[in-house]
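In what follows, a single structure is set out as structure tokens and then discussed.
For the numbers below, each heavy atom of this structure counts, side chains included, while hydrogens, waters and symmetry mates do not.
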Amino acid sequence: MSPAELLKEAKAMQETIISYRRYLHSHPGIGFEIEDTLSFVKKKLMEIGYEPNECGKAGLTACVGGKKEGKVFLLRADMDALPIQEQSGLDFAAKNGRMHACGHDMHTAMLLGAARLLKQYEDTIEGTVKLMFQPAEEIFEGAHDMLKSGLLKDPAVDKALMIHIMSGMPFSTGTVIISAPGVSAPGADIFEIKIQGKGVHGSMPNLGIDPLNAAAHILIALQEIQTRELALDERTVLTIGTMNAGTAPNVIPDSVTMSGSIRTFDEKTRTFMKKRLTDIAKGTARTFRADAEVTFKNGCPALVNDKELSASILKYTRELLGPEKAFSVRELNAADKGRKSSGAAGSEDFAYISQEIPSIMLALAGGQPEKGYVYPPHHPMVKFDENALISGSAVYAYTAMRWLEENKPE
């Protein structure tokens with residue numbers, strides 16, 4: 001297998017991969033409710049010659065290779081969308097109030113493309129490639145669910161790789177950015193704070209307990225954790241995204257519900273932030289005679305990239321795409337006049353896998369701003385350049401085969 005040959009074969013199936021992407025884009029599901037996507041992926045895998053296996057509530061796995069003794073390399077694509085009303089203007093835009101605004105339709109189509117490529121090379125694969133089609137990434141539950149269902153067993157997985165497409169990147173479409181060793185995506189925790197007061201007519205505040213007043217002070221007090229309780233290198237972001245209460249302008253409501261998220265880059269800081277958020281919310285509420293209950297809904301740890309994989313995948317992607325379309329984060333930081341990147345802001349539940357086995361996260365350029373790809377992921381008008389699909393499929397297939405080749409049994 002030569003990289004040029006594989007890339008040529010990926011280009012030959014471009015229209016097929018685009019057709020996969022457009023069907024997936026126009027039939028989005030959210031969380032574990034991805035029936036259309038799941039049946040489509042399963043059908044296409046069977047058409048290619050796979051025997052897909054259900055894994056967890058709505059996940060699929062399939063293996064290729066295994067005809068030669070060797071290790072097992074996992075390739076992951078997420079399949080779920082977001083509860084967003086699409087405003088992209090695309091001919092194949094979704095119309096069900098859900099949207100692939102984070103490019104998971106691109107990821108799934110690329111991995112299906114890689115499945116086709118890998119099947120062509122099955123007899124030469126030095127080991128096994130395991131394909132992982134995952135639900136519920138956006139709610140940080142899908143990877144964990146599949147892990148509990150034996151994702152990394154039968155056969156046991158040695159290494160894992162994921163690709164995430166990004167719009168609005170200042171790189172030509174199809175360029176790959178390889179994460180540096182260490183954390184590339186922070187851990188995340190979603191929380192809810194319910195403040196219980198005592199509703200009363202607005203003309204008699206002394207007879208009630210104002211939960212909005214308590215909520216306002218909690219909102220301000222929580223911001224002090226970062227400025228007064230964390231060291232300079234203990235990076236974190238705490239966001240309050242919703243605050244809901246009341247139905248009338250002249251009535252103090254009975255309760256307030258707030259929700260938000262915490263992003264941290266290590267487990268020690270993550271644990272500290274959760275404890276202090278709870279302490280401050282409860283303590284501040286009591287100061288104003290109210291009660292606060294804190295509930296952590298879901299979350300995921302930080303995504304850790306393996307040192308050996310980071311170096312190996314950089315070498316493989318350059319073999320495949322050329323040095324002008326494959327970079328490491330360290331190289332980009334060095335080129336940026338020595339200013340170190342602050343790291344990714346978005347969390348990623350592939351982190352659960354990275355906590356179990358050596359893993360790597362790649363970013364794929366999916367459209368430059370000057371070419372009209374100006375909106376970020378999770379925006380109702382975001383678009384992705386379908387020309388990136390070829391690179392994504394080829395990178396998935398080539399990196400897995402090359403790593404297995406370099407690490408075959410003596």
Side-chain angles (χ1 to χ4, degrees), residues 31 82-84 138-141 144 183 185-303 342-349 351-352 378:
L82 289 152
I84 293 173
E138 295 292 357
I139 57 174
F140 305 135
E141 294 183 16
H144 189 247
V183 174
D189 289 284
I190 308 299
F191 61 85
E192 180 181 274
I193 305 172
K194 184 174 181 180
I195 301 103
Q196 185 63 50
K198 180 181 178 183
V200 70
H201 194 281
S203 65
M204 299 177 287
N206 56 302
L207 299 181
I209 300 173
D210 188 349
L212 277 168
N213 186 39
H217 282 82
I218 291 171
L219 172 64
I220 294 170
L222 289 176
Q223 307 308 315
E224 301 302 315
I225 304 175
Q226 294 160 273
T227 61
R228 289 296 176 268
E229 298 189 33
L230 293 177
L232 191 63
D233 60 349
E234 293 177 306
R235 294 181 291 162
T236 186
V237 175
L238 188 155
T239 299
I240 298 294
T242 71
M243 187 180 290
N244 298 301
T247 57
N250 62 339
V251 177
I252 291 174
D254 203 49
S255 65
V256 175
T257 301
M258 309 164 62
S259 67
S261 63
I262 303 171
R263 312 279 174 166
T264 53
F265 284 84
D266 66 77
E267 288 300 302
K268 180 181 176 181
T269 305
R270 184 185 182 197
T271 299
F272 176 79
M273 287 294 296
K274 292 170 74 172
K275 181 180 185 303
R276 288 301 292 139
L277 182 145
T278 302
D279 292 345
I280 288 171
K282 289 180 176 291
T284 305
R286 283 195 296 270
T287 299
F288 296 96
R289 301 179 296 132
D291 293 309
E293 179 183 353
V294 180
T295 304
F296 288 94
K297 299 287 188 177
N298 46 37
C300 65
L303 196 162
S342 61
S347 299
E348 168 56 71
D349 83 343
Y352 282 112
H378 290 220

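Although no hydrogens or angles enter the test, the distance criterion places a donor-acceptor pair under 3.5 Å between the side chain of T242 and the main chain of S259. In this structure, the side chain of K194 does not engage the main chain of T257 through any donor-acceptor pair within 3.5 Å. Side chain of T239 to backbone of G260: no donor-acceptor contact under 3.5 angstrom is found. Within the 3.5 Å criterion, the main-chain N or O of D254 finds a donor-acceptor partner in the side chain of Q196. Checked by atom type and distance alone, the side chain of R289 pairs as donor or acceptor with a backbone atom of G208 at under 3.5 Å.
To the nearest 0.5 Å, atom OG of residue S255 and atom CD1 of residue I209 are 12.5 Å apart. With rounding to the nearest 0.5 angstrom, the NZ atom of K274 is 13.5 Å from the CG atom of D279. For the atom pair L207 CG and K198 NZ, the distance stands at 7.0 Å (nearest 0.5 Å). From T284, atom OG1 reaches atom NE2 of H217 across 8.5 Å, with rounding to the nearest 0.5 Å. Rounding to the nearest 0.5 Å gives a distance of 8.5 Å between CD1 of I193 and CE of M243. Put simply, OG1 on T287 and CD1 on I218 are 9.0 Å apart, with the number rounded to the nearest 0.5 Å.
Under the 3.5 Å distance criterion, with hydrogens and angles disregarded, no donor-acceptor pair is assigned to the side chains of T264 and T236.
For E234, the CD atom sits in a packed shell: over 12 heavy atoms of surrounding residues, nucleotides or ligands are nearer than 6.0 Å.
Minimum interatomic distance between G299 and Y352 (heavy atoms only, all atoms of both residues): O-OH, 2.6 Å.
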